[in-house]
Structure formats: C-alpha cells, structure tokens
Engineer: 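A single structure is presented below for examination.
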Amino acid sequence: MASHPQAPVGSGSSNPPGSLPAPGWEGIASDWSSDREAFKQVPWGKAMMWIFLLSDTFVFTCFLTGYMSVRMTITDLWPNPSEVFALTIGGKEIPLILIAIMTFVLISSSGTMAMAVNYAYRRDRAKTTALMLATAALGVTFVGMQAFEWSKLISEGVRPWGNPMGAAQFGASFFMITGFHGLHVSIGAIYLSIVAMKVWRGDYEHSGNYQNVEIAGLYWHFVDLVWVFIFAFFYLW
C-alpha cells in the first residue's frame, strides 16, 4: 500500500501531523503565520516602520531623480542657489547662511534623538522626555526657518508655475521637494511629542517596553538623512 508523504518535522506548519500542507497561497500563509522563528528577532512595530521608510525612500528618490533630470535637460537659465538663498546681514550678502543653520539644527536633532533612545532603555523617563521634546523643538525651529525661506522667495515672485529669476521649473521643484520634506518634519515633531508624553506618564514603564521610542527615532533619523541629500542636490549643485 502506498503511503502519503508527511510534512517535515519542525517545518512550522500548522497542519496536523501526517497531513499534507494546504495548497497554494493558503498553505503559504498558514506555514508562515505559524513559523515564529521567521519574525522572532524583529518586533512588528519596528518592521512596519522599516517598510514605511523604504516606501518613503522610493518617493523621495523619484522627486530627486526628476529634479536632476530637469536640471540636466533644461535649456533655460537655472538660478544660482548661492544668490537665491543668500541673506543680507550687516549690509553684506551671505550665501546659503540660512540653509546652513537649518542643516545644523536638523543634524543636531539627530544627536538629541539618539540620546533619548539611550536614556529610554536605561528607564530614565525624565531625560528621555526632555530630549525627545528638545528634538521636536528643533524640528519646529527647522520648519519655522523653512517657512521664512518660502515667504522670502514668494515675495520675490517665485511660484510653482513661474520664476522671474530664470527657469520656471525651479519654483515647482523647490516647493515640491522642500514642502514634502517639511511636512515629514512637522508630522515627526507631533509624533515625537506624543511619544514623549507617553514616556512621561509612564505608559511604557508598565510594560517595560521602550521600543516605541526607538521606532520614533528611526523615523526622525530618516527625515534627517533625506535632508542631507536635498541639501547636496538642490542647494549645492
């Protein structure tokens, strides 16, 4: 009499011993859902944040790639960023001074966020809360300076559909890329403030799990890293 093949021992399948695995996608889903070893090392919250950041990377990559394509193919004069983003201080024009300060503020916020994660795993609620709120405050400062930058260019006639300084695509690229990034910083500041309040209330102390602070840190470091690329490609090129 022919015998039916059995599922390998320890395969993680939820099917009863001696039975064949379910066919098709149902079998795959059943096998993976019962195999805890596949996801044992990565918490779901952190995994979902990594997936979100990966998808966001594709979006920013498309924006920057489109911007570079326009820069390399356009025939109209492209405005010089050193002149467009210069500020007059003490009667002298200083190129990119505001952008340099914005970059310093955002990079500094990565340091405070990293320290917040460190103190979170030490169960120091006061320092974790203070550092996260400081990070959010630096983010708000960055957005405030970006709003000033926007208002200055708008007052000079720059629009998404036109630009008196040269190529019309300059305005569209500037407002789209910096605006999308500024939205991320604004959302991140609110997100960090909420997590900081939960830390202060002791919500994570009861469970002993401070991974939400680390997950918030992943988002914030991503936002900072994206700005480095925007700074290099848009302001220095």
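What you are looking at is a predicted structure, and each value in this text was computed from that prediction instead of being measured. Every heavy atom of this structure was used, including side-chain atoms; hydrogens, water molecules and symmetry mates were not.
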Engineer: Report yes or no: do V228 and L54 belong to one cluster of Ile/Leu/Val/Met/Phe/Trp/Tyr joined by side chain heavy-atom distances under 4.5 Å?
Structural biologist: no

Engineer: Looking at A116 and V213, what are the two nearest heavy atoms and their distance?
Structural biologist: O-CG1, 4.2 Å

Engineer: Could you walk me through whether F175 and I154 pass side-chain contact (heavy atoms from CB on, under 4.5 Å), step by step?
Structural biologist: CA-CA 10 Å; F175 289 118; I154 291 173; 3.9 Å; yes

Engineer: What's the shortest heavy-atom distance between P160 and A172, and which atoms?
Structural biologist: O-CB, 3.2 Å

Engineer: Search all heavy atoms of T57 against all heavy atoms of T61 and return the closest pair with its distance.
Structural biologist: O-OG1, 2.6 Å

Engineer: Nearest 0.5 Å, what's the OH-CD1 distance between Y235 and I230?
Structural biologist: 7.5 Å

Engineer: Do Y191 and L225 share a hydrophobic cluster (ILVMFWY, side-chain heavy atoms under 4.5 Å, transitive)?
Structural biologist: yes

Engineer: Show your working on salt bridge (Lys or Arg N to Asp or Glu O under 4.0 Å) between D124 and R122 and close with a plain yes or no.
Structural biologist: CA-CA 5 Å; D124 193 328; R122 295 183 185 184; over 6 Å; no

Engineer: Tell me, do F174 and V158 make a side-chain contact under 4.5 Å, heavy atoms counted?
Structural biologist: no

Engineer: Quick one, W237 and M68 - any side-chain contact, counting heavy atoms below 4.5 Å?
Structural biologist: yes

Engineer: Could you please spell out the steps behind the side-chain contact (heavy atoms from CB on, under 4.5 Å) verdict for W78 and Q169?
Structural biologist: CA-CA 9 Å; W78 193 268; Q169 291 88 342; 4.1 Å; yes

Engineer: Using atom types as modelled and distance alone, determine if a side-chain donor or acceptor of H181 lies under 3.5 Å from a backbone N or O of V223.
Structural biologist: yes

Engineer: Is it true that a side-chain atom of S173 and a backbone atom of F170 form a donor plus acceptor pair closer than 3.5 Å?
Structural biologist: no

Engineer: Report yes if the side chains of V105 and M102 come closer than 4.5 Å at any heavy-atom pair, otherwise no.
Structural biologist: no

Engineer: To the nearest 0.5 Å, what is the distance between CD (E83) and CG (L96)?
Structural biologist: 10.5 Å

Engineer: Taking everything shown except W150 itself, do over 12 heavy atoms lie less than 6.0 Å from its CH2?
Structural biologist: yes

Engineer: Quick one: closest heavy-atom pair of E214 and V117, and the distance?
Structural biologist: CA-CG2, 4.0 Å

Engineer: For the CZ atom of F142 and the CD atom of Q146, what is their distance to the nearest 0.5 Å?
Structural biologist: 4.5 Å

Engineer: Roughly how far, to the nearest 0.5 Å, is CH2 of W227 from CZ of F231?
Structural biologist: 8.0 Å

Engineer: Is any side-chain heavy atom of V226 closer than 4.5 Å to a side-chain heavy atom of H184?
Structural biologist: no

Engineer: For Y121, look at atom OH and say whether over 12 heavy atoms of other residues, nucleotides or ligands are found less than 6.0 Å away.
Structural biologist: yes

Engineer: What is the minimum heavy-atom distance between V84 and P79, and which atoms define it?
Structural biologist: CG2-CB, 3.5 Å

Engineer: Could you see if M176 belongs to whatever hydrophobic cluster contains L64? Use Ile, Leu, Val, Met, Phe, Trp, Tyr and a side-chain cutoff under 4.5 Å.
Structural biologist: yes

Engineer: For F63 and F180, I'd like to know if the aromatic rings sit close, meaning centre-to-centre distance below 6.0 Å.
Structural biologist: yes

Engineer: Do the side-chain N and O atoms of T135 and T112 include a donor-acceptor pair separated by under 3.5 angstrom?
Structural biologist: yes

Engineer: Count I, L, V, M, F, W, Y as connected when their side-chain heavy atoms are under 4.5 Å apart, and connections chain through other members. Are Y204 and M197 then in the same cluster?
Structural biologist: no

Engineer: Taking the side chain as C-beta and beyond, is there a heavy-atom pair between F60 and D56 under 4.5 Å?
Structural biologist: yes

Engineer: Would you say that L98 contacts K152 through its side chain, given a criterion of any heavy-atom pair below 4.5 Å between the two side chains?
Structural biologist: no

Engineer: Any side-chain heavy atom of F85 sitting closer than 4.5 Å to one from P95?
Structural biologist: no

Engineer: With side chains defined as the heavy atoms from C-beta onward, is the minimum distance between L87 and I94 less than 4.5 Å?
Structural biologist: no

Engineer: Can you tell me how far apart CZ (R123) and CZ (R125) are? Round to the nearest 0.5 Å.
Structural biologist: 11.0 Å

Engineer: How close do A86 and S82 get, heavy atom to heavy atom, and via which atoms?
Structural biologist: CB-O, 3.3 Å

Engineer: Quick one: does any side-chain atom of Y67 pair with a main-chain N or O of C62 as donor and acceptor, under 3.5 Å?
Structural biologist: no

Engineer: Once rounded to the nearest 0.5 Å, what's the spacing between atom CG of L192 and atom CE of M132?
Structural biologist: 4.5 Å

Engineer: Are V59 and W220 connected in the hydrophobic side-chain network, where two residues link if heavy atoms are under 4.5 Å apart?
Structural biologist: yes

